Amino acid sequence: MTGAPASAARHGTVPKPKAASAVRPVSLWNIANVLTMVRLLLVPGFVLLMVADGGHDPAWRSFAWAAFTIAMITDLFDGELARRHNLVTDFGKIADPIADKAIMGAALICLSALSDLPWWVTGVILFRELGITLMRFWVIRHGVIPASRGGKMKTLAQGVAVGMYVLALTGPLATARWWVMAVAVVLTVVTGLDYVRQAVVLRRAGLAAEAAAETEAAAAAGTVAGTASGEPVGGPVPGGEPVGDHPDPQADGRRERQDGEQDPPAERVRATQDVSVAGRDRPTTEREEDGRA
């Protein structure tokens, strides 16, 4: 039974199965990518607001803080929307990390240039962010390093600390932002070292898996080659006898002939004794008696 209708079978036609519906391509102009583009466009606007009127005007710094906050909020939503609604694109994979590093790097550099933040803090954070990004590209063919809880805490601490430094705060809040930035720096260093460890482990595992796959492929190729040449898979063994369940008829024949030609020593002695006894018991002829006389 083929499952085809009887009428179709009588007429000799069988309906073709419907082809699977094609996967709808993801548009470049989806909500996740739009949010990423907005974050990229906010970077130059944020820089202009930070340096406006000498860079220390509280009003302009408030506008800069608003731009920075919008950029950080879009960073929280674009990746989640892309994964939840299957809106992942190649543009998003490249542009999203660039936008993240651009807005954070611009804020840190502006704050250090305005003498609001020590340059060593900016250097530590940027070195970590750029180094981890390059390391992810280094191991991307072996796998993806997932975002850890510590990494998310680091991002939150950096956003809050930088946002507090962008605002022209005074008094206790100005002191509090220093401690928040200290926590952000510690998390930046600790999570950076953890990412390095994960990258090394992932790369070693990937190289080991590749080596195992190459070994299996070479073994499979050797098996195929041995089968094609007619030799047993196990190959010949010392003595010339093949390995496997397929005996060699010619070798068996040669072995039987050798066994027949080479009698054991006991059999040869017994045959000699029989000939001697037969010679003694044979009647003596007249010519032999004359010879004795």
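Keep in mind the model is a prediction, meaning the values are calculated, not measured.
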Given side chains that start at C-beta, do those of [X] and [Y] come closer than 4.5 Å, heavy atoms only?
X	Y	answer
R177	L173	no
M135	W138	yes
L111	V162	yes
D96	D100	yes
I70	R39	no

Query raised in the report: Between OG1 of T133 and NZ of K101, what distance do you get to the nearest 0.5 Å?
Result: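 Reported value, rounded in 0.5 Å steps: 4.0 Å.
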Query raised in the report: Is it true that atom CE of M153 has more than 12 heavy atoms of other residues, nucleotides or ligands lying nearer than 6.0 Å?
Result: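 Atom CE in M153 is not crowded, with 12 or fewer foreign heavy atoms closer than 6.0 Å.
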Query raised in the report: V200 and side chain to side chain contact (heavy atoms under 4.5 Å, CB included): which partner among R197, R203, R204?
Result: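 Of the listed residues R197, R203, R204, the side chain to side chain contact (heavy atoms under 4.5 Å, CB included) partner of V200 is R204.
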Requested in this report: Scan V180, L117, V121 and name whichever one has a side chain to side chain contact (heavy atoms under 4.5 Å, CB included) with Y165.
Outcome: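 That would be L117.
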Query - Closest approach of T191 to G151 (non-hydrogen atoms, all atoms of both residues) - result: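 Of all heavy-atom pairs spanning T191 and G151, the closest is CG2-N, 3.8 Å.
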Report task. Establish whether V160 and L126 are linked, either directly or via other cluster members, by ILVMFWY side-chain heavy-atom contacts under 4.5 Å. Result ->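 Hydrophobic grouping puts V160 with L126.
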Query raised in the report: Are L108 and L167 in one and the same hydrophobic cluster, where Ile, Leu, Val, Met, Phe, Trp and Tyr link if side-chain heavy atoms are under 4.5 Å apart?
Result: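 As far as the 4.5 Å side-chain criterion goes, L167 and L108 are connected within one cluster.
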Query raised in the report: Is it true that a side-chain atom of S112 and a backbone atom of I109 form a donor plus acceptor pair closer than 3.5 Å?
Result: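 No, because the side chain of S112 does not come within donor-acceptor range (under 3.5 Å) of the backbone of I109.
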Query raised in the report: Is a donor on one side and an acceptor on the other found under 3.5 Å between the side chain of R61 and the backbone of A168?
Result: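 Checking the backbone N and O of A168 against the side chain of R61, no donor-acceptor pair under 3.5 Å is found.
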